[in-house]
Amino acid sequence: MPQPQNEEMSFWDHLEELRWTLFRSIFALLIFTVGGFFVMPYLFDNIILKPCSADFYTYQWMCKVSTYVPFLPDFCDQTFHVPIVNLNLTTQFFTHMSSSFWMAVLLTFPYLMYEVWRFISPALYANEKKSIKWVFTGGTVMFFIGCAVGYFMVYPVTLRFLATYDLSDAITQQVSLESYMDTFLLMIFIMGVVFEMPILSWLLSQLGILRRSFFKKYRRYAIVGLLIAAAIITPSGDPFTLSIVFFPLYGLYELSSFFVKPDKPVTEDD
């Protein structure tokens, strides 16, 4: 029977290694949080609050596309602006702190995954190390791709719809800083997690829980479920906005099917 390459570690050795893993991870988060605190005003003006203005990259691109596709929503309104207001005295300070922390989590995500890998790798066999290393690498890349899709596509489209939605002319539309940041972080991190679907499918396949026939059998139900999820994420109702979220989600569903094991062939003994 094959054995792990490293010598067996005692309980206290594992505990000591875990302590140093946590220390290095927390130290990295602390350093990046402090650094993020100093650059956060610049990031707010040029990245975080950028979707509030009509000159945001996504709006400009969609405005050009709308000249060729007439049924698209109007993204060419150069007067579009979402005013952000601060309602509580301490909100700006705590938003500054929390935003610095979440930026640190985002930037140190590859390193944190490396620390997890470094901690668990001594207990793995050589073939397991190769597979898990691929999972951590692929999961990190997919997470950043998902965050990018959330920032450039999902969030600005959702913001534009919600910020221009009028229930009554008597209501003045203003967005609080706290509400804006909660939605901003939620949308981006949700998309980052959703893009882990192929990696999760691969893990479930390795455990024998998921097979390729599942995706074929439940494809119709998945399409309906993904349409509902896309409608919840982007509640604008127009087909174009809905498709911006639906097609990436459906693409992930189909991509996940390639990462799982095919069904076992049926033998006469079965």
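Numbers for residues simply follow the sequence, beginning at 1.
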Look up atom [atom1] in [X] and atom [atom2] in [Y], then write down how far apart they are to the nearest 0.5 Å.
{"X": "Asp45", "Y": "Tyr42", "atom1": "CG", "atom2": "OH", "value": "9.5 Å"}
{"X": "Ile190", "Y": "Leu186", "atom1": "CD1", "atom2": "CG", "value": "3.5 Å"}
{"X": "Phe152", "Y": "Cys147", "atom1": "CZ", "atom2": "SG", "value": "11.5 Å"}
{"X": "Phe37", "Y": "Met97", "atom1": "CZ", "atom2": "CE", "value": "6.0 Å"}
{"X": "Thr95", "Y": "Met40", "atom1": "OG1", "atom2": "CE", "value": "10.5 Å"}
{"X": "Ile84", "Y": "Ser179", "atom1": "CD1", "atom2": "OG", "value": "8.5 Å"}

Linking I/L/V/M/F/W/Y whenever their side-chain heavy atoms sit closer than 4.5 Å, directly or via other members, would [X] and [Y] fall into one cluster?
{"X": "Val34", "Y": "Val39", "answer": "no"}
{"X": "Met187", "Y": "Val105", "answer": "yes"}
{"X": "Trp20", "Y": "Leu22", "answer": "no"}
{"X": "Leu200", "Y": "Val193", "answer": "no"}
{"X": "Leu252", "Y": "Ile223", "answer": "yes"}

Heavy-atom check, side chain of [X] versus side chain of [Y], under 4.5 Å:
{"X": "Ser205", "Y": "Phe259", "result": "no"}
{"X": "Glu196", "Y": "Phe143", "result": "yes"}
{"X": "Pro41", "Y": "His96", "result": "yes"}
{"X": "Tyr59", "Y": "Pro51", "result": "yes"}
{"X": "Tyr114", "Y": "Arg24", "result": "no"}
{"X": "Phe56", "Y": "Phe80", "result": "no"}
{"X": "Phe144", "Y": "Pro110", "result": "yes"}
{"X": "Met153", "Y": "Met62", "result": "yes"}

Over all atoms of both residues, closest heavy-atom pair of [X] and [Y]:
{"X": "Leu29", "Y": "Thr33", "value": "O-OG1, 2.6 Å"}
{"X": "Ser256", "Y": "Ser201", "value": "CB-OG, 3.3 Å"}
{"X": "Arg160", "Y": "Cys76", "value": "NH2-N, 4.4 Å"}
{"X": "Met191", "Y": "Val149", "value": "CE-CG1, 4.0 Å"}
{"X": "Leu255", "Y": "Pro198", "value": "CD2-CG, 3.9 Å"}
{"X": "Arg211", "Y": "Val260", "value": "C-CG2, 4.0 Å"}

_Check whether Ser168 reaches the backbone of Ala170 with its side chain - one donor and one acceptor, N or O, closer than 3.5 Å._
yes
*Does the pair Leu210 and Trp202 meet the rule for a side-chain contact (heavy atoms from CB on, under 4.5 Å), with working shown?*
CA-CA 8 Å; Leu210 193 62; Trp202 181 86; over 6 Å; no
*asked:* In terms of relative ring orientation, are Phe27 and Phe23 parallel, tilted or perpendicular, with 30° and 60° separating the classes?
replied: parallel
_Tell me whether the rings of Tyr180 and Phe184 are parallel (<30°), tilted (30 to 60°) or perpendicular (>60°)._
parallel
Is atom [atom1] of [X] surrounded by more than 12 heavy atoms (other residues, nucleotides or ligands) closer than 6.0 Å?
{"X": "Arg220", "atom1": "CZ", "result": "no"}
{"X": "Ile171", "atom1": "CD1", "result": "yes"}
{"X": "Glu115", "atom1": "CD", "result": "yes"}
{"X": "Leu87", "atom1": "CG", "result": "yes"}

*Checking side-chain contact (heavy atoms from CB on, under 4.5 Å) for the pair Arg219/Glu254: CA distance, chi angles, key distance, verdict?*
CA-CA 9 Å; Arg219 180 172 285 111; Glu254 294 295 343; 2.8 Å; yes
*Please lay out, stage by stage, how Phe44 and Leu177 fare under the test side-chain contact (heavy atoms from CB on, under 4.5 Å).*
CA-CA 11 Å; Phe44 254 82; Leu177 175 60; 4.0 Å; yes
*Could you verify whether a donor N or O on one side chain and an acceptor N or O on the other, from Thr79 and Asp77, lie under 3.5 Å apart?*
yes
*Taking only residues two or more places apart in sequence or in another chain, which ones pass ring pair (Phe, Tyr, Trp, His ring centres under 6.0 Å) with Phe246?*
Tyr250
*Results of ring pair (Phe, Tyr, Trp, His ring centres under 6.0 Å) for Tyr253 - residues two or more places apart only*: Phe215
*Which residues share a side-chain hydrogen bond (donor to acceptor under 3.5 Å, both in side chains) with Asp182, sequence neighbours left out*: none
*What's the verdict on side-chain contact (heavy atoms from CB on, under 4.5 Å) for Thr183 and Leu159, showing C-alpha distance, side-chain angles and the deciding distance?*
CA-CA 9 Å; Thr183 309; Leu159 172 68; over 6 Å; no
